[in-house]
Amino acid sequence: MSMLDVHCYTSISFSYLSRARLLSETLRKHHPDWVLWLCISDLEPEGFALDTTDHGFDHVLWLKDLPIERLESWIFRHNVVEICTAVKGFFLEKILDSGADIVFYIDPDIALFNDLMPAVQRLSKANIVLTPHLVEPELISRQMWENERSTLLHGTYNLGFLGVQNSVEGRRFAAWWRERLQYYCFETAAEGIYTDQRWCDLVPAFFDGVDIIRDSGFNVASWNLSSRPIFFDKDGRIFAGSALLRFYHFTKIANAGAAMVDRYAGRSSAIYELVKWYRSSLDRYEDTRLKGYWAYGVYSDGTSILHEHRVLYRSRPDLQEDFPNPFRANSFLRWIKDRETAR
Amino acid sequence: MKNLLSRIFQKRITHEPIHSKEKISEIDQGTYRSGHEASSAHQPDLSIYSNNNKPPLGKAQEVSGPQSTVRAVLEEYFDASFYLDSNPDVAASGCDPLDHFLEYGWRESRSPNSWFDTKIYLDNHPQVQSQDINPFYHFLLSGEWTYKDNKSQESNSFAYKKSVARETERSLVGANFDAAFYLACNSDVADCGRDPLDHFLEMGWRERRNPTPWFSIENYLDSRPDVAAAGINPFYYHLLNSEKPTFVKAVSAGTNVSPLPFDSAMQDFERKVIEPYFDRDYYLLSHEDVAKSGADPLEHFLQQGWREGRNPSPDFIINEYLRLHEDVRRAAINPFYHYLIQGKAEGRPIQSPNYIENQIINAARSMEKRSEDDQRRSTYRVGLSNDVLTTLLDRLLTINQKIIFVSLSHDNYTLNVGGIQNCIGNEQKILNAKGHSYVHLSPADPSLHFNSKVSREGLVTIIIDGDRVGHASQKELTVALCKKFAALQAEVSLTVHSLLGFSLDFILKLHTSVKPSRTSVWVHDFSTLCTNYALLRNDIEFCGAPEVGSSACTICVYGRERIDHLAAVRELFEVTRPLVLFPSEPVQDVWHQRSAFAITGSRVAPHARLRLHKTTRASKVGASARVAFVGMASPHKGWHIFQEIVAACSKDRRYTFFHFATNAIARSPSIRFIPTTVTMEHPDAMVQALIEHDVDIVIQWSLCFETFSFSTLEAIAAGTMVLARVDSGNAAKLVLAHEAGFLLSDKFELLDRFVSGALIRDLEKYRSKGVSTGEIELNKIDIAYTSEI
């Protein structure tokens, strides 16, 4: 087991760099021998350069280097969440190609509290491991609606975590996933697509050796907190329900996520300790220059790109044909303005 | 029927009015006790209105009742000022406004107050008019207003307010609503014959149908997602927030009330909604500036208080409500008002179940940061000059003293009050009685931080045999003491009661200089195991001192500094090899499990014991159980939990709350503060005070693992029933050993006991077994040394 070459990657725009660094800090603590990859769907802002010696990762991969035809056009079709997800398949294949035995994808807003060896062990047999949003039925109607129904809309499995073995089946999955994400990775839950998550509802049907981790210590988050209260024992170990807390997913903890934690914390106050620790730890890595920054969030003249512009562009092959690089202010944006003026 | 009604009316007159502020607060808090007591005492029994919920109004005379009865019922809700202001002719006539209303006013559609519209009511209840019944009287006795049991009490009370709110909405919207336009645009409404305003208010706006040609629901909601999210009628909201809205009282209202300026009417309405729930006493006690200014507290709250985050009552926290409900924050309306008119019906929580815990966790800071603050606050002091210090030592430490005890603790035990201070005072007394000198050293600027790094050249306060000598620099003091002890050829014994406020450097140098023949370290707290001397992880939970690399230490604000701290303590023990003294067995067990320091030995030495008398407390419990918090009102002692209980039960007459301590930190109208100080001279002061005030229950909810817990011992000596946390160390052990109460696992269990009333049964059972009182007997021997001296 110790001979396995385990790699782990995360995907960010620069505004999430602090989260990625905190993830890498907790990964290094529990798995100092793992190879860590940072995938960036962004460009360095003016006056800022990624510290190549101290970014917490072994390798950095850039969206701009992906071999995708008409890359600008492809990027433009996605908002920041969608693009950071859409690249996950490409980078998974790239890391598998580098010779890793096992590759984990972990969202940047996750922090580890214990090692992930149970997942590594599962991947010695399984080709793919997935963590469901929920592992047991909700009991209260409000929670059925908020959590179970939400899971039906957004996908059974939370793709903030994924493990793949570098096997034939694992690689077949990676190729399948990459392709789906290249064409259909949008936040359109009502249409049956929610970035990469709804796609993975199909995984147990399409692939062999899919292991669903129902251990309550994996991928704990506000949406499953009510059934997995967080507590400490006197040896200082953190538990989620009956299992050791492996990792917590601090989704949107700066705003809406905090209210969700409140709603589901129940009688346990320990979750607030985790949230406080997470926020104060992030502060150590925060760089004000990166707050709210995303290079692909604006046209070349600095105008913000509205989501409806992206939706319009991705729904119109003719526009994609006419404006292969829609970021240029004098192309697609001008067309939009002209159209508005004409109205 | 007549007899029955008169009996009910008698009840109404002879009892407290149902709508007193207190009663509503009880309702609001959902703590109102169940059973017949609630339903019979204060409410008219509307069960006589039989199955169809309609009053048997066939005999007008019966229902209208004798005029005196009607008057008695109406009196409380009749707003004389409003009536006179609205009806200048009545004011000019000089007659009693209520008499006027009862005799003529309602028949002339005049309204008794700002929130009851006589005309609308009569329009909607034609039978009331036809039977010549005072509509306001009918309203007060109708199902809309009253209730039969506790559960419906709350909702119906709300339903009433909601009905008032609906009327206001209807008035304002109706005044600006274009019915013809609405019907023209919505043929389906015209076809069904429904009143267009009703249709708009109930469903039209939700279906994005426009009320006037100039207002687009769709555009408004698109531009104001906050209003959309809040589920408020956007047209109503727009009118409420218009700078100069057209406020014309609804035509249907048709009363003699003069139209009020809109803002003033809304403010008046808001005030009416809030007033019954607003706790004036609490507001004034909590905000001294308001009390001093002489402003009306409710007015202050309405005008600016809520914007400043001031709470209207102890159980509604403005900022917490806003934190939980982002839409309310965005809508920028008074959150208390929002809760009362809307949030409550929607089931919105007032606060997270762990609100206070969250506050404590967020406020937690490392001891190093706290120490920096302490230093900033420290006062300028002057140390004794070397000559003066030497002279004083010569005078106080005389040649015939062959054993000198040097003890260290975190503060001046002669000035401060507490368990450790009393223990040190007692130790001094015992050793002095044996003819030994007792030299006590404490940091001149006390701090809770044991400095494991480079020492700051702070001053040390010296007390010899209870007399304060003065302050001296650490270096000069060490040299002077060393010289003096050498001159006396005295044997020195060093006792560390507390490391806090000292540095490793100073203690080691002192130890090296005075060369004590024995060193003892007391484990009064856990400062030998962590910088948080109470071992409270993030100030919230006893952690049990796990490994420094544990997950708990990783996420704890004290975790990082604990590494250096433990290294320093290890070095201290390595050098001094102390005898370790524990005030109780539970603390000894935990300490030995979690430390691996070099020690000479260890011993349990309780500070005091309990001597019970043969007399017992009366087995009968009074009508209201007297519940006390004993000691310092700090979060780590569980004061916030006590406050939560008080907030939940403040209007519950089964309980009366007390706080016994030297200082009242938090003032509350619901907690009676009894100043009580335990001193060397009056070691039984607390026991006596608890007995004197006939306290039944003491809540010992310390978050810490208590190493001894004088307060628990005192509570037991006073014959009270103690409710303690199961993980509270020696406090829990004392309760078990003396069968003096209950151990509970968490605050929710504690709250349940109070609210459900199970506690009263527990108390009665507890007292029925015969409870002894007693006294605290401080140890009279120097247990720590006796076998060796």
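All values below were derived from every heavy atom in this structure, side-chain atoms included, with hydrogens, water molecules and symmetry-related copies excluded. Residue numbers start from 1 in every chain, and the chains themselves are labelled A, B, ... in the order their sequence lines are given, proteins ahead of strands. These figures come from a predicted structure and were not determined experimentally.
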A.B. asks: Closest approach of B/Ser550 and A/Gly236, non-hydrogen atoms and distance?
C.D. replies: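 Residues B/Ser550 and A/Gly236, closest heavy atoms: CB-O, 3.7 Å.
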
A.B. asks: Can you name the residues that form a side-chain contact (heavy atoms from CB on, under 4.5 Å) with A/Ala243, not counting sequence neighbours?
C.D. replies: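 Only A/Asp215, A/Ser216 meet the side-chain contact (heavy atoms from CB on, under 4.5 Å) criterion with A/Ala243.
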
A.B. asks: Working to the nearest 0.5 angstrom, can you tell me the gap between B/Arg365 CZ and A/Ser280 OG?
C.D. replies: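 One finds 13.5 Å between CZ of B/Arg365 and OG of A/Ser280.
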
A.B. asks: Using a cut-off of under 4.5 Å for heavy-atom pairs, which of B/Val557, B/Asp746, B/Thr554 has the most such pairs with chain A?
C.D. replies: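 That would be B/Thr554.
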
A.B. asks: Which residues in residues 355-363 of chain B have a heavy atom less than 4.5 Å from any heavy atom of chain A?
C.D. replies: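 Listed by number, the contacting residues are B/Glu357, B/Asn358, B/Ile361, B/Asn362, B/Ala363.
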
A.B. asks: Which one of B/Asp727, B/Leu324, B/Asn354 has the most heavy-atom pairs closer than 4.5 Å to chain A?
C.D. replies: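 Looking at each option in turn, the highest pair count goes to B/Asn354.
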
A.B. asks: With A/Arg237, which residues qualify under salt bridge (Lys or Arg N to Asp or Glu O under 4.0 Å), at least two apart?
C.D. replies: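 Expected list: A/Asp233.
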
A.B. asks: Please output the residues of residues 527-539 of chain B in contact with chain A, using a heavy-atom cutoff of under 4.5 Å, in numerical order.
C.D. replies: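 B/Arg537, B/Asn538 fall under the 4.5 Å cut-off.
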
A.B. asks: Does atom CD (B/Gln593) have a neighbourhood of more than 12 heavy atoms from anything else shown, all under 6.0 Å?
C.D. replies: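 It does: B/Gln593 CD has more than 12 such atoms within range.
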
A.B. asks: Which region of B/Cys543, side chain (C-beta onward) or backbone (N, CA, C, O), has a non-hydrogen atom less than 4.5 Å from a non-hydrogen atom of chain A, or is it both or neither?
C.D. replies: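 Backbone only.
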
A.B. asks: Could you tell me which portion of B/Glu541 (side chain, backbone, both or neither) has an atom closer than 4.5 angstrom to a non-hydrogen atom of chain A?
C.D. replies: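 It is the side chain, since no backbone atom gets that close.
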
A.B. asks: Between B/Ser551 and A/Phe113, is there a donor-acceptor pair closer than 3.5 Å when you use the side chain of the first and the backbone of the second?
C.D. replies: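 Pair found, side chain donor or acceptor close to backbone of A/Phe113.
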
A.B. asks: Counting heavy-atom pairs under 4.5 Å with chain B, which one of A/Asn114, A/Asp235, A/Ile271 comes out on top?
C.D. replies: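 Greatest number of close heavy-atom pairs with chain B: A/Asp235.
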
A.B. asks: For atom CZ of A/Arg316, decide whether the heavy atoms of other residues, nucleotides or ligands shown that lie under 6.0 angstrom number more than 12.
C.D. replies: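 Yes, because the 6.0 Å sphere around CZ of A/Arg316 holds more than 12 heavy atoms from other groups.
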
A.B. asks: Counting only heavy atoms not in B/Arg560, do more than 12 sit closer than 6.0 Å to its CZ atom?
C.D. replies: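 Not more than 12 within 6.0 Å, no.
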
A.B. asks: Under a 4.5 Å cut-off applied to non-hydrogen side-chain atoms, are B/Pro546 and A/Phe232 in contact?
C.D. replies: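 No, too far: nothing below the 4.5 Å cut-off.
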
